[in-house]
Amino acid sequence: MGLFDNSIQSYSEQALDAAWYKQQVISNNIANSSTPDYKAKTVEFGLILKEAKCKCKYHTPDEDGESRVSFSVSTTYETNTNQLLNGNNVDMEKEALDLADVQYQYSALMDQMNNNYAMIRTAITK
């Protein structure tokens with residue numbers, strides 16, 4: 001097990017990747033807000049935990065006995081927004097709120113990663 005091979009690090013990296021992907025999809029929706037017949041996409045991601053040795057239903061160790069955390073990311077077309085006359089269904093208010101939300105999540109995850117590195121740095125220097 002390496003210095004950076006822990007579940008917090010893995011969780012944070014996957015969450016950052018998922019948040020980055022969501023930002024890209026939202027930015028693409030905003031960029032295409034006036035494109036005729038463009039259908040907005042939405043990204044949902046959630047934590048997938050496998051069955052565990054702790055007898056939890058969704059959290060299991062891998063082959064090497066370590067518990068791993070992974071994310072499920074799915075992209076779908078937005079269906080609950082109104083279409084404009086040109087067939088476009090991008091709701092700019094919703095996209096702006098979603099973008100602010102995912103930027104907040106990304107910032108919180110970066111803070112968590114920085115705190116993890118600070119703890120490692122403190123342990124090495126003492």
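Distance check: Y104 OH to L109 CG gives 10.5 Å after rounding to the nearest 0.5 Å. The CD atom of Q112 sits 8.0 Å away from the CG atom of N115 when rounded to the nearest 0.5 Å. Atom-to-atom distance recorded for M119:CE and N114:CG is 11.5 Å, nearest 0.5 angstrom. Interatomic distance, CG of D37 versus CG of N89, reported as 10.0 Å (0.5 Å rounding). Rounding to the nearest 0.5 Å places CG of D91 at 10.5 Å from CD1 of I30. Distance check: T42 OG1 to N29 CG gives 8.0 Å after rounding to the nearest 0.5 Å.
One hydrophobic cluster, built from ILVMFWY side chains closer than 4.5 Å, holds both M92 and V102. No chain of hydrophobic side-chain contacts below 4.5 Å, direct or via other Ile, Leu, Val, Met, Phe, Trp or Tyr residues, connects I26 to Y21.
K39 places a side-chain N or O within donor-acceptor distance of the main-chain N or O of G87, the cut-off being under 3.5 Å. Between the side chain of T122 and the main chain of A118, a donor-acceptor pair closer than 3.5 Å is present.
Checking D98, V90, L97 one by one against K94, the side chain to side chain contact (heavy atoms under 4.5 Å, CB included) holds for a single residue, D98.
N88 approaches S34 most closely through the heavy-atom pair ND2-N, 3.8 Å.
Legend: residues meeting side chain to side chain donor-acceptor pair (under 3.5 Å) with Q105, ordered by chain and number and at least two apart, are D101.
Between the side chains of Y38 and N86, no donor N or O sits under 3.5 Å from an acceptor N or O.
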